[in-house]
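Take a look at the structure below.
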Number of protein chains: 2
Amino acid sequence: MNEIMATGISVLLVDDHPIVRQGYRRVLESQGDLHVVAEADNAADAYSAFKARDPDVVLLDISMPGASGLEAIRNIRARSPRARILVFTMHNEAVLVKAAFSAGASGFVTKSSEPSAVVSAIRSVARGERAMSDDIAHILAEDSLSAGSALDQLGEREIEILRQFAGGATTEQIATHLNLSVKTVQNYHYLIKTKTGARTDAQLVRLAANCGLTKI
Amino acid sequence: MNEIMATGISVLLVDDHPIVRQGYRRVLESQGDLHVVAEADNAADAYSAFKARDPDVVLLDISMPGASGLEAIRNIRARSPRARILVFTMHNEAVLVKAAFSAGASGFVTKSSEPSAVVSAIRSVARGERAMSDDIAHILAEDSLSAGSALDQLGEREIEILRQFAGGATTEQIATHLNLSVKTVQNYHYLIKTKTGARTDAQLVRLAANCGLTKI
DNA sequence: TCCGGCTTGGGAAATTTGCCCGAGCTGCCA
DNA sequence: TGGCAGCTCGGGCAAATTTCCCAAGCCGGA
């Protein structure tokens with residue numbers, strides 16, 4: 001790879017929406033120095049593609065169905081600690097950003113960013129630098145000042161379950177997606193309610209929406 | 001517009017993520033007959049752009065921040081009943097699909113669809129046909145076997161109870177506010193779910209929010 | 001090494017849901 | 001004038017879920 005594209009940056013594109021991938025591909029390749037060498041629409045394929053192609057940068061949407069995108073980050077980093085992973089998603093909750101960085105991401109940009117910002121973030125992480133879009137920096141800055149949001153008390157699994165629940169998924173659907181027993185999902189549901197102080201499922205949905213975890 | 005592009009289809013692109021818009025633009029324009037004549041990232045701009053450019057098709061992501069995308073559909077259709085609106089989002093709940101169609105959408109495709117399916121859906125709605133992706137058709141078909149209709153099937157009391165519930169009130173609180181027994185409120189709750197086709201409380205909250213019944 | 005927190009689930013009582021029912025009202029239409 | 005239809009209100013009861021409490025494995029930090 002390095003011999004072939006000594007002057008370019010090879011990119012692995014991971015997103016579960018085909019047209020979104022196709023859009024990225026065209027945007028990135030129009031830059032000249034960016035080359036999309038593989039695509040994946042789930043965490044498992046992303047890992048396989050990473051092993052096969054060893055790209056300079058992984059552009060990863062962590063809000064994929066099934067296994068957590070954070071899991072994918074950890075898997076890739078476990079195999080290759082030098083991997084540069086740029087998380088690219090529409091979620092902009094501080095807890096998610098921090099979780100991504102602590103899982104080993106090199107950068108975090110939101111889909112609200114200008115394409116030019118995404119492209120320059122790719123170049124930054126390819127150079128080994130840390131990168132984040134302006135809105136993310138702003139959110140992290142605010143977060144570090146104020147006492148955290150209600151979501152800060154939640155663990156990674158709890159956040160994922162809350163996201164799927166607030167998105168309208170049933171308990172069984174969540175259990176299937178995450179390979180958990182229904183009972184465990186119910187327990188998480190209860191735990192999330194007590195931790196956040198929500199007395200009602202509706203309050204939980206509103207909380208998730210207010211924290212940017214789900215769009216309505 | 002029609003004189004200039006007699007053989008093509010003019011498209012207004014509405015999505016709140018710049019890079020997603022840019023990706024769509026490139027995918028669509030590579031088709032030859034599709035021309036993106038304007039973009040917007042919110043409902044208000046979408047309406048202005050529609051008035052200014054009178055596109056053949058509006059490709060609209062209804063999950064935008066701020067004003068509901070359904071509102072945007074209604075606004076555009078109110079001004080120009082001949083407008084062709086193709087909803088393009090990652091949500092695939094039956095209630096949302098039905099709400100979009102009853103708001104005046106001509107088609108509904110999910111972001112999980114292949115780009116070619118989206119492109120052919122655009123051509124279909126431009127010809128005045130109705131279009132939906134396979135997964136949406138599947139969901140609607142399943143839904144139509146058992147379910148009732150949308151929100152306007154609800155009586156006054158049901159609407160009021162849904163509003164309070166989606167606002168975060170507990171069953172007891174609603175019962176107290178409305179001077180009803182808890183059992184009656186529970187029965188309404190159940191009735192509302194069956195009438196709207198919502199399988200989950202969370203879906204009910206999203207439905208209420210999407211219909212402007214509650215603000216989040 | 002031990003402690004604390006996360007993750008995963010079992011158990012059991014309390015509560016809610018799902019779906020059936022009837023009854024009182026209103027309005028409408030023949 | 002009768003009758004039908006639809007909304008409102010609630011009881012009943014089995015099935016499901018929620019609410020807690022508990023335990024065990026795992027992992028990272030002190």
Side-chain angles (χ1 to χ4, degrees), chain A residues 43 66-71 73-75 77-78 81 95-96 98-104 148 150-166 168-205 207, chain B residues 143 145-166 168-205:
Chain A
S68 162
L70 297 174
E71 204 67 34
I73 297 177
R74 266 188 288 271
N75 286 340
R77 295 278 298 189
V95 278
L96 243 186
K98 288 190 281 192
F101 276 118
S102 74
L151 293 188
D152 278 354
Q153 333 160 46
L154 300 184
E156 199 179 290
R157 215 87 244 245
E158 292 160 342
I159 296 249
E160 180 58 28
I161 286 175
L162 173 56
R163 187 210 315 289
Q164 295 198 21
F165 167 76
T170 67
T171 302
E172 298 93 68
Q173 287 171 338
I174 297 174
T176 303
H177 286 154
L178 300 181
N179 259 77
L180 296 176
S181 79
V182 169
K183 179 64 188 172
T184 299
V185 177
Q186 288 175 338
N187 277 338
Y188 272 115
H189 191 326
Y190 167 72
L191 205 65
I192 293 166
K193 278 213 255 186
T194 60
K195 276 192 180 182
T196 59
R199 311 192 58 282
T200 285
D201 283 355
Q203 293 176 12
L204 223 44
V205 175
L207 177 73
Chain B
D143 185 78
L145 290 181
S146 61
S149 322
L151 184 66
D152 40 35
Q153 299 281 331
L154 299 182
E156 219 171 283
R157 214 89 242 244
E158 292 159 340
I159 295 255
E160 181 56 30
I161 286 174
L162 174 55
R163 185 206 315 284
Q164 296 200 18
F165 167 75
T170 68
T171 304
E172 292 88 6
Q173 287 170 338
I174 298 174
T176 302
H177 288 152
L178 300 181
N179 261 80
L180 297 174
S181 79
V182 169
K183 180 63 188 172
T184 298
V185 177
Q186 288 175 337
N187 277 337
Y188 272 115
H189 192 328
Y190 166 71
L191 207 65
I192 294 166
K193 276 212 255 187
T194 60
K195 278 191 178 180
T196 59
R199 319 241 292 87
T200 283
D201 283 356
Q203 291 177 13
L204 224 43
V205 175

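Quick note on labels: first sequence line is chain A, next is B, and so on, each numbered from 1.
In this entry the distance linking CD1 of A:I192 with P of D:dT19 reads 12 Å, nearest Å. Rounded to an integer number of Å, the gap from CZ of A:R74 to P of D:dG28 is 10 Å. B:E158 places its CD atom 10 Å from the C1' atom of D:dG6, with the value rounded to the nearest Å. Look at CD on A:Q186: it is 17 Å from P on D:dA15, rounded to the nearest Å. As rounded to whole Å, 11 Å separates atom P of D:dT8 from atom CG of B:L178. Rounding to whole angstrom units, NZ of residue B:K195 and C1' of D:dT8 are separated by 11 Å. Atom-to-atom, CG of B:L191 to P of D:dG6 comes out at 13 Å; the value is rounded to the nearest Å.
Along DNA chain D, the nucleotide nearest A:E172 and the nucleotide nearest B:L180 are compared for position; the residue whose nucleotide lies closer to the 5' end is B:L180. Map B:H189 and A:G155 each onto its nearest nucleotide of DNA chain C; the residue landing nearer the 5' end is A:G155.
Nucleic acid contact class of B:E160 (heavy atoms, under 4.0 Å, all strands): none. Using a 4.0 Å heavy-atom cutoff across all strands shown, B:S181 reaches sugar-phosphate atoms only and no base atom.
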task = For side-chain contact (heavy atoms from CB on, under 4.5 Å), just list the numbers for B:T171 and B:F165, CA-CA rounded to whole Å, side-chain angles, deciding distance to a tenth of an Å, and then say yes or no.
result = CA-CA 8 Å; B:T171 304; B:F165 167 75; over 6 Å; no

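Under the rule for a side chain to side chain donor-acceptor pair (under 3.5 Å), the partners of A:S181 that lie at least two apart in sequence or sit in another chain are A:T184. Residues passing the side-chain contact (heavy atoms from CB on, under 4.5 Å) test with A:N75 are A:Y47, A:E71, sequence neighbours excluded. For B:D201, the side chain to side chain donor-acceptor pair (under 3.5 Å) test picks out B:H189, B:K193, with sequence neighbours left out. Among residues two or more places apart in sequence or in another chain, the ring-ring contact (aromatic ring centres under 6.0 Å, His included) test is passed with A:Y188 by none. In terms of the side-chain contact (heavy atoms from CB on, under 4.5 Å) criterion, residue partners of B:Q164 (sequence neighbours excluded) are, by chain and number, B:E160, B:A169, B:I174, B:H177, B:L178. A search for side chain to side chain donor-acceptor pair (under 3.5 Å) contacts involving A:Q203 returns nothing, not counting sequence neighbours.
Terminal axes of the helix from C:dT1-D:dA30 to C:dA30-D:dT1 (five pairs each, C1' rotation axis) are separated by 30°, to the nearest 10°.
Within the model, atoms OG1 of A:T200 and CD of B:Q173 stand 7.0 Å from one another, a figure rounded to the nearest 0.5 Å. Annotation: the span from A:E156 atom CD to A:I159 atom CD1 amounts to 9.0 Å, rounded to 0.5 Å. B:N187 contributes atom CG, which lies 9.5 Å from atom CD1 of B:I161 (distance to the nearest 0.5 angstrom).
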Look for any protein N or O under 3.5 Å of an N or O in nucleotides 20-24 of chain D and output each such pair with its distance, or none.
unit_1, atom_1, unit_2, atom_2, d
D:dC20, OP2, A:Y190, OH, 3.2
D:dC20, N4, A:N187, OD1, 3.0

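In this structure, B:E172 does not pair ionically with A:R199, as no charged nitrogen and carboxylate oxygen lie closer than 4.0 Å.
Protein chain B contacts DNA chain C from C:dT16 to C:dC19, reading 5' to 3' and using non-hydrogen atoms of the protein with a distance under 4.0 Å.
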